[in-house]
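Please find one structure pasted underneath; my questions will follow.
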Amino acid sequence: MDKKPRLRFAPSPTGGLHIGGVRTVLYNYLFAKQHGGDFVLRIEDTDQGRFVAGAEEYIYETLHWCGLEPDESPLKPGLFGPYRQSERKPLYRNYADQLIDRGLAYYAFDTPEELEHRRKTTPNFQYNVATRAGLRNSLTLTDQEVKILIEKGIPYTIRIRMPENEEIRFTDMIRGELVFQTSLVDDKVLLKADGMPTYHLAVVVDDFLMEITHVFRGEEWLSSAPVHILLWKHLYGEDKMPRWAHLPLILKPDGNGKLSKRDGDRLGFPVFAMDWTDPRNGEKTTGFKERGFLPEAFINFLALQGWNDGTEQEVFSLEELILKFSIDRVHKGGAKFNYEKAKWFNSEWIKKLPVTHYLPQVKASLEQQGISVKKDDQLKTVMELVRDRCSLLSDFAGQSAFFFRYPATIDLASVQPKWNEQKNLFFAELIRTYELIPRWEHEELERTFKEIAAVNEIKTGELMLPLRIMLVGQKSGPGVFHIAEVLGRKETFDRIRKGLQLLS
RNA sequence: GCCGCGUUGGUCAAUCGGUUAAGACGCAUCCCUUUCACGGAUGAAUGAGGGGUUCGAUUCCCCUACGCGGUACCA
């Protein structure tokens, strides 16, 4: 690579950031970092009608949570600002005019209503080589007429003039050589009547001005790529053009089609990275973060949705991804979103990371359930005991609540039928012996327990379940003596006594 | 409709002309654990269809089917 790579993510701030968007960020970021380049965040807010309050802040927060910090952004301007297209408005006009002067673009005076009418009445209507001669534009009007219309303040757009019968070729880093016939591409609007550029003009101008070297974007942009390529040729020369890669889509799990927010609502999994509340209707969409995902797992999962390193490794840290990512191993076909697999990645990361790494979140979720934990050390021990049975951070509260308060329900039904006086006596003796035990520690507790059982000639197996039920309330959980150790002498006795009472 | 891009188990996927077509998730069975989970073992399950090219195609080419994306003064 001769130049320092510069890649960008250019979202339109219109709502929550969807996992497809995060994956696009990720691939851009990984490539930039791998090659010692920069990752730029540019806000594409040229559509003033679609402004959504808070959407831009949400993007920053999401990127931050994911650990994908931009090197340059509206919040952290570099040498190529401003980083919001709405603030770059004056820049674009000049390029549009330049294209007009060179006959590569033209003024179009057709109103949106007129065009809509044409689209309704003419099947397959496109504003292109075939139809532009019959429409109201500077190609069909005389210079004098055009001048008058402009002077009178009649609204107009500037459209690119697609050449006739030419081929536009380019190399996509994922898909290889691509060819488009210019006659079949329509004359896209470059500058809107409000003076704002459309995406097509703005991307090209900004990517040039910001010295972007690689454009990785979603597959939905592939069909407009020829317009962008042509603009690059006209404006800056093909040699200046960034390299392109069109990323496969993330598809809905059932059926086909691009994954949408609705699929998440319908199937019960998150689609956005973080919670998003639409300010227009107050509608709330839950995110991976709030569902209990670790950013490490979320990123890991997303990276593997459309890419792999060719080995059997699946668990990658961000650092490893930076090292191993390669754009030419990105797939062409879309991947169906698999929530079960996402959770698997999370359980892997829960096991891999030190529990202290996510202890604050677990503590907060326990607090939400009215359990306030005083000693972090104790929580840490508990978390280490239960982490294997948690695939989401939000599972911890349910798995560990009984350590901190007496169980809400006691499953007596699973011990009652086989309960007898002999067992009753056993537990009474157990308490007496445990009172004298010097070290309150699980191995010691277990040994003592078994000794007493042997003396009383009761099978240990007959007694373990009752103990568990008394301490936990149910049949699951970590090793019962580990639990007793954490609970401590007094609490263990209290629970056994309470259990005995319930069983008698 | 038109243009473009895709298509290996239920899902994610390896393979870059020769393999018993990996591995993972999920599922099933078993082992471990005197519980549940973790872990371990085993198993069921895959090249859309049709033509070529080739000694040999999952792999290269063509056609068909299917799917998706685009077809806005949205990005």
Side-chain angles (χ1 to χ4, degrees), chain A residues 10-14 44-47 49-50 85 108 110-112 115-116 119 123-128 155-159 172 174-175 178-181 183-186 188-200 202-203 217-226 246 248-249 251-258 301 304-315 329 331-345 347-348 351 385-391 395 399 414 446 450 453 459-465 467-469 472 474-480:
Chain A
S12 167
T14 50
E44 308 231 334
D45 54 353
T46 51
D47 186 357
R50 297 213 304 168
Q85 286 184 333
D110 321 86
T111 65
L115 292 176
E116 195 169 328
R119 274 189 268 270
N124 202 15
F125 173 79
Q126 280 195 303
Y127 207 121
N128 64 7
Y156 62 87
T157 61
I158 294 179
R159 285 179 180 271
D172 183 284
I174 296 170
R175 289 152 212 278
L178 263 19
V179 188
F180 290 82
Q181 306 298 322
S183 309
L184 298 168
V185 178
D186 51 347
K188 291 266 185 276
V189 170
L190 263 22
L191 206 73
K192 301 185 243 187
D194 64 2
M196 275 289 191
T198 58
Y199 172 82
H200 303 110
V203 243
R217 72 227 297 196
E219 188 186 327
E220 65 268 29
W221 293 111
L222 200 50
S223 358
S224 47
H246 290 89
L249 266 16
L251 277 16
K252 57 185 73 189
D254 58 337
N256 291 294
K258 200 158 80 158
F301 164 67
L304 274 283
Q305 200 81 177
W307 170 87
N308 69 79
D309 78 340
T311 72
E312 287 179 11
Q313 185 177 355
E314 288 196 281
V315 177
R329 287 197 65 88
H331 301 147
K332 294 177 180 145
K336 285 188 186 178
F337 175 74
N338 184 345
Y339 186 55
E340 289 306 316
K341 190 73 185 255
K343 283 199 292 193
W344 177 79
F345 275 105
S347 61
E348 288 298 307
K351 281 180 273 184
L385 244 28
V386 302
R387 73 194 322 187
D388 283 353
R389 37 184 47 81
C390 298
S391 63
D395 293 337
Q399 292 290 341
S414 55
E446 182 167 357
K450 287 180 175 168
K459 283 184 202 149
T460 320
E462 295 280 303
L463 299 163
M464 299 273 275
L465 185 63
L467 208 220
R468 173 175 295 279
I469 297 295
V472 181
Q474 56 188 19
K475 288 192 263 191
S476 61
V480 71

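We name chains A, B, ... by the order of the sequence lines, and we start the count at 1 in each one. Hydrogens, waters and symmetry mates play no part in the numbers below; they use all other heavy atoms, side chains included. Given the structure is predicted, the values throughout are model-derived calculations rather than measurements.
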Quiz item: Among all residues two or more places apart in sequence or in another chain, which pass the side-chain hydrogen bond (donor to acceptor under 3.5 Å, both in side chains) test with A:Ser476?
Solution: A:Gln474
Listed pairs, N/O of protein and of nucleotides 24-28 of chain B, under 3.5 Å:
unit_1 : atom_1 : unit_2   : atom_2 : d
B:A24  : O4'    : A:Glu314 : OE1    : 3.1
B:A24  : O2'    : A:Glu314 : OE1    : 2.4
B:A24  : O2'    : A:Lys341 : NZ     : 3.0
B:A24  : N3     : A:Lys341 : NZ     : 3.3
B:C25  : OP1    : A:Trp344 : NE1    : 3.4

Practice problem: Name the nucleic acid region contacted by A:Phe180, choosing base, sugar-phosphate or nothing; use a 4.0 angstrom heavy-atom cut-off, strictly under. | Solution: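 Answer is sugar-phosphate: A:Phe180 comes under 4.0 Å of backbone atoms only.
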Quiz item: With sequence neighbours left out, what residues match A:Arg175 under salt bridge (Lys or Arg N to Asp or Glu O under 4.0 Å)?
Solution: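 Counting only residues at least two positions away or on another chain, A:Arg175 forms a salt bridge (Lys or Arg N to Asp or Glu O under 4.0 Å) with A:Glu219.
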Quiz prompt | Presence of A:Arg387 side-chain N/O under 4.0 Å of B:C38 phosphate oxygens OP1/OP2 | solution = no
Self-check item: side chain to side chain contact (heavy atoms under 4.5 Å, CB included) against A:Glu116, all qualifying residues, sequence neighbours excluded
Solution: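 By the side chain to side chain contact (heavy atoms under 4.5 Å, CB included) rule, A:Glu116 matches A:Lys120.
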Quiz prompt | N/O donor-acceptor pair under 3.5 Å between A:Asp172 side chain and A:His246 backbone | solution = yes
Exercise. Give a yes/no on whether any side-chain N or O of A:Lys192 is located under 4.0 angstrom from OP1 or OP2 of B:C74.
Key: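 Checking B:C74 against A:Lys192, a side-chain N or O does come within under 4.0 Å of OP1 or OP2.
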Practice problem: Could you work out the separation of B:A22 and B:G9 based on their P atoms and round it to a whole Å? | Solution: 14 Å
Quiz item: Think A:Lys252 has a side-chain N or O under 4.0 angstrom from the OP1 or OP2 of B:U11?
Solution: no
Quiz item: For A:Ser224, does its backbone N or O pair with a side-chain atom of A:Lys188 as donor and acceptor, under 3.5 Å?
Solution: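 Answer holds: no.
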Quiz item: What is the nucleic acid contact for A:Ala335, judged by heavy atoms within less than 4.0 Å: base, sugar-phosphate only, or nothing?
Solution: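 The answer is sugar-phosphate, as A:Ala335 gets under 4.0 Å only of primed atoms, P, OP1 or OP2.
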Sequence neighbours left out, cut at 3.5 Å: what donor-acceptor pairs do the side chains of residues 334-342 of chain A make with other protein atoms?
unit_1   : atom_1 : unit_2   : atom_2 : d
A:Lys336 : NZ     : A:Gly255 : O      : 3.3
A:Asn338 : OD1    : A:Glu340 : N      : 3.2
A:Asn338 : OD1    : A:Lys341 : N      : 3.2
A:Tyr339 : OH     : A:Arg291 : NH1    : 3.3
A:Lys341 : NZ     : A:Glu314 : OE2    : 3.0

Quiz prompt | B:U29 to B:A37 separation - P atoms, rounded to the nearest Å | solution =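 My reading of the P atoms in B:U29 and B:A37 gives 12 Å.
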Quiz item: Which distance, rounded to the nearest 0.5 Å, do you find between the CG of A:Asp47 and the OG1 of A:Thr14?
Solution: 9.0 Å
Polar atom pairs between nucleotides 63-69 of chain B and protein, under 3.5 Å, N or O only, would you list them?
unit_1 : atom_1 : unit_2   : atom_2 : d
B:G69  : OP1    : A:Lys258 : N      : 3.4

Quiz prompt | OP1 or OP2 of B:G39 under 4.0 Å from side-chain N/O of A:Lys351 | solution = yes
Self-check item: C1' gap between B:U15 and B:U8, integer Å
Solution: 10 Å
Quiz item: When rounded to the nearest Å, what value does the distance between C1' atoms of B:C63 and B:C74 take?
Solution: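 It comes out at 37 Å once rounded to the nearest Å.
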Practice problem: Respond yes when some side-chain nitrogen or oxygen of A:Arg159 is under 4.0 Å from OP1 or OP2 of B:C73, and no when none is. | Solution: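 For A:Arg159, the contact criterion (side-chain N or O under 4.0 Å from OP1 or OP2 of B:C73) is met.
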Quiz item: Looking at residues at least two apart in the chain, or sitting in another chain, which of them share a ring pair (Phe, Tyr, Trp, His ring centres under 6.0 Å) with A:Tyr156?
Solution: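 Counting only residues at least two positions away or on another chain, A:Tyr156 forms a ring pair (Phe, Tyr, Trp, His ring centres under 6.0 Å) with A:Tyr107, A:Phe109.
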Quiz item: Can you tell me how far C1' of B:C73 sits from CG of A:Asp47, to the nearest Å?
Solution: 9 Å
Exercise. Provide the distance between the two P atoms, one in B:U59 and one in B:G40, to the nearest whole Å.
Key: 35 Å
Exercise. For B:A14 and B:U20, measure between their C1' atoms and round to the nearest Å.
Key: 16 Å
Practice problem: Let me know the distance between CG of A:Leu115 and C1' of B:A72, rounded to the nearest Å. | Solution: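 My rounded result for the distance is 9 Å.
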Practice problem: Just jot down the side chain to side chain contact (heavy atoms under 4.5 Å, CB included) partners of A:Asn128, sequence neighbours excluded, or say none. | Solution: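 Partners of A:Asn128 by the side chain to side chain contact (heavy atoms under 4.5 Å, CB included) criterion, ordered by chain and then number, come out as A:Gln126, A:Ala130, A:Thr131, A:Asp186.
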Self-check item: Residues forming a side chain to side chain contact (heavy atoms under 4.5 Å, CB included) with A:Val203, sequence neighbours excluded
Solution: A:Arg8, A:Arg42, A:Glu44, A:Tyr199, A:Asp207, A:His228
Quiz prompt | Contact under 4.0 Å: A:His246 side-chain N or O vs B:G6 OP1/OP2 | solution = no
Quiz item: Residues in side chain to side chain contact (heavy atoms under 4.5 Å, CB included) with A:Lys450, at least two apart?
Solution: A:Glu446, A:Thr460
Quiz item: Base, sugar-phosphate, or nothing: which does A:Lys475 touch, judged by heavy atoms less than 4.0 Å apart?
Solution: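 Base contact.
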Practice problem: Determine the contact category for A:Leu463: base if any of its heavy atoms lies under 4.0 Å from a base atom, sugar-phosphate if only primed atoms, P, OP1 or OP2 are that close, otherwise nothing. | Solution: nothing
Quiz item: For atom C1', what is the distance between B:C62 and B:U54, given to the nearest Å?
Solution: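 Rounded to whole Å, the distance is 16 Å.
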Exercise. May I ask you to say what A:Gln181 touches in the nucleic acid, namely base, sugar-phosphate or nothing, with a heavy-atom cut-off under 4.0 Å?
Key: nothing
Self-check item: Set of salt bridge (Lys or Arg N to Asp or Glu O under 4.0 Å) partners for A:Glu348, sequence neighbours left out
Solution: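 A:Lys351.
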Quiz item: Which whole number of Å gives the distance between the P atom of B:U7 and that of B:C30?
Solution: 40 Å
Quiz prompt | Which nucleotides of RNA chain B pair, in dot-bracket form (Watson-Crick or G-U under 3.5 Å, | meaning another strand) | solution = (((((((..(((.....[....))).(((((.......)))))....(((((..]....))))))))))))....
